[in-house]
Visitor: 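Got a structure for you, written out below as structure tokens; questions coming shortly.
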Number of protein chains: 2
Amino acid sequence: MQHDKDAPLRSDAQRNRERILEVALAELTLCPDAPLSAIARKAGVGQGTFYRNFPNREALVLEIYRHEMRQVADSAAQLLEQLPPDRALRAWMDRLAEFGMTKAGLADAIRLATSKGGLTKPAHTPVSDAAELLLRANDRVGSIRPGMTPDDLVLAIGGLWQMAPTDDWRPRAARLLDLVMDGLRAGAPGAGGPAVPS
Amino acid sequence: MQHDKDAPLRSDAQRNRERILEVALAELTLCPDAPLSAIARKAGVGQGTFYRNFPNREALVLEIYRHEMRQVADSAAQLLEQLPPDRALRAWMDRLAEFGMTKAGLADAIRLATSKGGLTKPAHTPVSDAAELLLRANDRVGSIRPGMTPDDLVLAIGGLWQMAPTDDWRPRAARLLDLVMDGLRAGAPGAGGPAVPS
DNA sequence: ACCTGAACACCGTTCAAGT
DNA sequence: ACCTGAACACCGTTCAAGT
């Protein structure tokens, strides 16, 4: 019989799961295609135990990704309390870039793992919730064009994920985000018409 | 002795190489992680012949990528003859999106293959040449902000490569490119000052 | 109920033998 | 000079046997 879905794990199983996640985060950040067997070994569990917790590489990687991303996403609310909406939006994107660069290996691991099967549409992630929060706050003060969706914003900063962290990524990211912010401000109710009057 | 670098291939070897590329393009477009052994088999060559031509998966994928991308990149000059610079730029980005969606499998194959080793900085690709051409044409008529680099443009449209082709990608791509164009126009000499006057 | 680790399947890569 | 295909190494996944 399989495990009851809502029942708590036995304490040793719980510990095993946490150790796997801990080791996997470190290993995958260093090397996106670290062997799962190596992760299991370093976590001190057998192959079978690993697969009981995570049926495949994608399941492991997505769990780590969601956990890490949630931390950044959650900072959006905090930024909105400290800064005007447009500056909060920009500051949040800066944090996303910073996060992406330190976790570049993890981002590669995600792409490696998720390109295999079907494309997992994340739909309602913490990130899109955060984006929604920031966009609506800006809408309220008229600092950006109306009608922007979280999807729009995520696509607009998509270039961040194809930068290598080794380079002089900071000025490049800054130039990208400056461009995005200018695009967002174009057509804002508070800015007096479109950037190119007709 | 290895092969002389500039000497032409023997005709049968030449044919083999072309058949491998032909089969690989079709297979990788369908399935980004198609086994190299399957590609060799369908191309009618032995494993060794395959590896003589392409020492690893990355070498194969990059060659295909460059070949396919060159076609799109080369259309930039043609567009500039038919349209004003800003419309040519936008039309080129549309083509890039169209191309990316039909070749989504290939794009995944590239990520799969290149995330393994070091990050291969393509540096001077046909795409960055085309971007340079389009940006400078726009600079000359003052339709976009000055100083944009090909790298800036490539990053700005980076979101295209993280869209799934299954969806209603067309309106999403259009919204992204509209935003990018507005960002580019903000601060253009011909548009009368920045989008947000201080 | 959970764990271990050997066993199996599969794919990338090499290489001895052929033409 | 180029080709073939068997052989090897490695990693993901399963499963019989243990606690």
Visitor: Calculate the interatomic distance between A/R15 atom CZ and C/dC2 atom P; express it in whole Å.
Guide: 13 Å
Visitor: Assess whether side-chain contact (heavy atoms from CB on, under 4.5 Å) is satisfied between A/L36 and A/Y51, documenting all intermediate values.
Guide: CA-CA 10 Å; A/L36 299 185; A/Y51 274 84; 3.6 Å; yes
Visitor: Stem finding on DNA chain D, please: runs of three or more consecutive Watson-Crick or G-U wobble pairs, both distances under 3.5 Å, sorted by first number.
Guide: C:4-8 with D:12-16, C:12-16 with D:4-8
Visitor: Looking only at heavy atoms, what is the nearest atom pair of B/V180 and B/A156, with distance?
Guide: CG2-O, 3.6 Å
Visitor: Looking at B/R70, I want to see if its CZ is surrounded by more than 12 non-hydrogen atoms of other residues, nucleotides or ligands under 6.0 Å.
Guide: no
Visitor: Side chains of B/L179 and A/D152, heavy atoms from C-beta outward: is any pair under 4.5 Å?
Guide: no
Visitor: Could you give the CD-to-P distance, from A/E27 to D/dG12, as a whole number of Å?
Guide: 13 Å
Visitor: If I compare all heavy atoms of B/I39 with all of B/I20, which pair ends up nearest, and what's the gap?
Guide: CG2-O, 4.2 Å
Visitor: In whole angstroms, how far is the P atom of D/dT13 from the CD1 atom of A/I39?
Guide: 12 Å
Visitor: Does any non-hydrogen side-chain atom of B/F54 lie less than 4.5 Å from one of B/L62?
Guide: no
Visitor: Could you state the CD-P distance from A/E58 to D/dT13, rounded to the nearest angstrom?
Guide: 11 Å
Visitor: Nearest whole angstrom, please: distance from the P of D/dC2 to the CZ of B/R52.
Guide: 6 Å
Visitor: Taking the side chain of A/D12 as heavy atoms from C-beta outward, which of D/dC3, D/dG12, C/dC2 is closest to it?
Guide: C/dC2
Visitor: Going by heavy atoms in the side chains, are A/R19 and A/K42 under 4.5 Å from each other?
Guide: no
Visitor: Base, backbone or nothing for each nucleotide of nucleotides 4-11 of chain C, written B, S, -, heavy atoms under 4.0 angstrom, 5' to 3'?
Guide: BBB----S
Visitor: Write down the distance between CZ (A/R17) and P (C/dC3), rounded to a whole number of angstrom.
Guide: 11 Å
Visitor: Compare all side-chain heavy atoms of A/N16 with those of A/F50 and state whether any distance is below 4.5 angstrom.
Guide: no
Visitor: Using only heavy-atom distances, determine whether the side chains of B/N138 and B/S143 contain a donor-acceptor pair under 3.5 Å.
Guide: yes
Visitor: Between atom CG in B/L60 and atom C1' in C/dT13, what is the gap in whole Å?
Guide: 15 Å
Visitor: Please report, rounded to the nearest Å, how far the C1' atom of D/dC3 is from the CZ atom of B/R19.
Guide: 14 Å
Visitor: A side-chain contact here means heavy atoms from C-beta on lying under 4.5 Å apart; do B/F99 and B/D94 qualify?
Guide: no
Visitor: Show me the protein contacts with nucleotides 16-19 of chain C, counting only N or O atoms at under 3.5 Å.
Guide:
none

Visitor: Can you confirm whether B/L28 sits close enough to B/R57 that some side-chain heavy atom of one is under 4.5 Å from a side-chain heavy atom of the other?
Guide: yes
